[in-house]
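Reckoned from all heavy atoms, side chains included, excluding hydrogens, waters and symmetry mates. One is the number of the first residue; the rest follow in order along the sequence. Computed from a prediction, not measured in an experiment: that's the story for all the values here.
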Amino acid sequence: MRRSLFLVTLFAGCLSACGGSSSSDSARPESGASSAQPSSGQAQGSPSVEKGFEQMMQGVQQMADAQGRGGQTKLVDYEVLKGLLPDLSGWERSGAKGQQVSMGISLSSAEAHYAKGDASMKLEIIDTNFSQMVLAPFMMFARAGYEEKSDDGYKKGMTLGGYPGFESWEKGNRDAEVHLLVGDRFMVNVEANGVDNAEPARALAQAVNLSKLAGLK
């Protein structure tokens, strides 16, 4: 639940930021000289806004494509997903399990837990079956170029293994999260506790055979 709310909140923030930039541009007074030769501040700001909007629109299009495929695919059995839960060198794996649920949308998932000293991680692999409800906030945020950084840590969109996603790091709690969207359908989620940075979470996400996961039907 915390992750879902986090995604929706960030998605709303991205929409607000893009909307605010557009309003600011349209409210500027027209001037021939200033329009012909934009200030250095304008030159620096506009490309990043345009790029973020472009990436967001790509997410919207992929979301629409995914929605169109949703009624034509069969849910991957959770036992197949369990077979993709990897071992990770130096970490002890336990608690591998899976499930399938139908609540208007159908999902299957597999998860495992990993421990190393005081540190722990949880890995989830989810077949969303191209559900718009699940994918919409993720697709838009992961491709919006979002980045937030403070003394407490950071949140940012990124790519890992060629797949879009995002990661976060909280210094105080020593928590990290990495989330990937694989094949516009499968989600790989890692939550790490008691770690010094996000590297263990990244390593666990990459330990999944992502190309095999993307090819499942």
One should read off an interatomic distance between Thr128 OG1 and Met133 CE, to the nearest 0.5 angstrom, of 12.0 Å
As an exercise, state the distance from CG of Leu135 to CZ of Phe130, rounded to the nearest 0.5 Å.
8.5 Å
Which residues pass the salt bridge (charged side-chain N to carboxylate O under 4.0 Å, His left out) test with [X], not counting sequence neighbours?
X      : result
Asp87  : Arg93
Glu199 : Arg202
Asp77  : none

Quick one: closest heavy-atom pair of [X] and [Y], and the distance?
X      : Y      : value
Phe186 : Leu213 : CE1-O, 3.1 Å
Val195 : Pro200 : CG1-CG, 4.1 Å
Ala119 : Gly194 : CB-O, 3.5 Å
His179 : Met158 : O-CE, 4.4 Å

State which residues pass side chain to side chain contact (heavy atoms under 4.5 Å, CB included) with [X]; sequence neighbours excluded, sorted by chain then number.
X      : answer
Ala115 : none
Asn209 : Leu84, Ser211, Lys212
Ser108 : Leu75, Tyr78, Leu81, Gln100, Asp127
Lys97  : Glu111

Testing Leu181, Leu210, Val188 one by one against Tyr163 for a side-chain contact (heavy atoms from CB on, under 4.5 Å), which residue passes?
Leu210
By side chain to side chain donor-acceptor pair (under 3.5 Å), Asp152 pairs with (sequence neighbours left out) none
Excluding sequence neighbours, so at least two apart, what forms side chain to side chain donor-acceptor pair (under 3.5 Å) with Asn173?
Glu170
Apply side chain to side chain contact (heavy atoms under 4.5 Å, CB included) to residues Trp169 and Lys155 and explain how you reach the verdict.
CA-CA 7 Å; Trp169 160 244; Lys155 303 178 182 73; over 6 Å; no
Going only through I, L, V, M, F, W and Y residues with side-chain contacts under 4.5 Å, is there a path from Val178 to Trp91?
yes
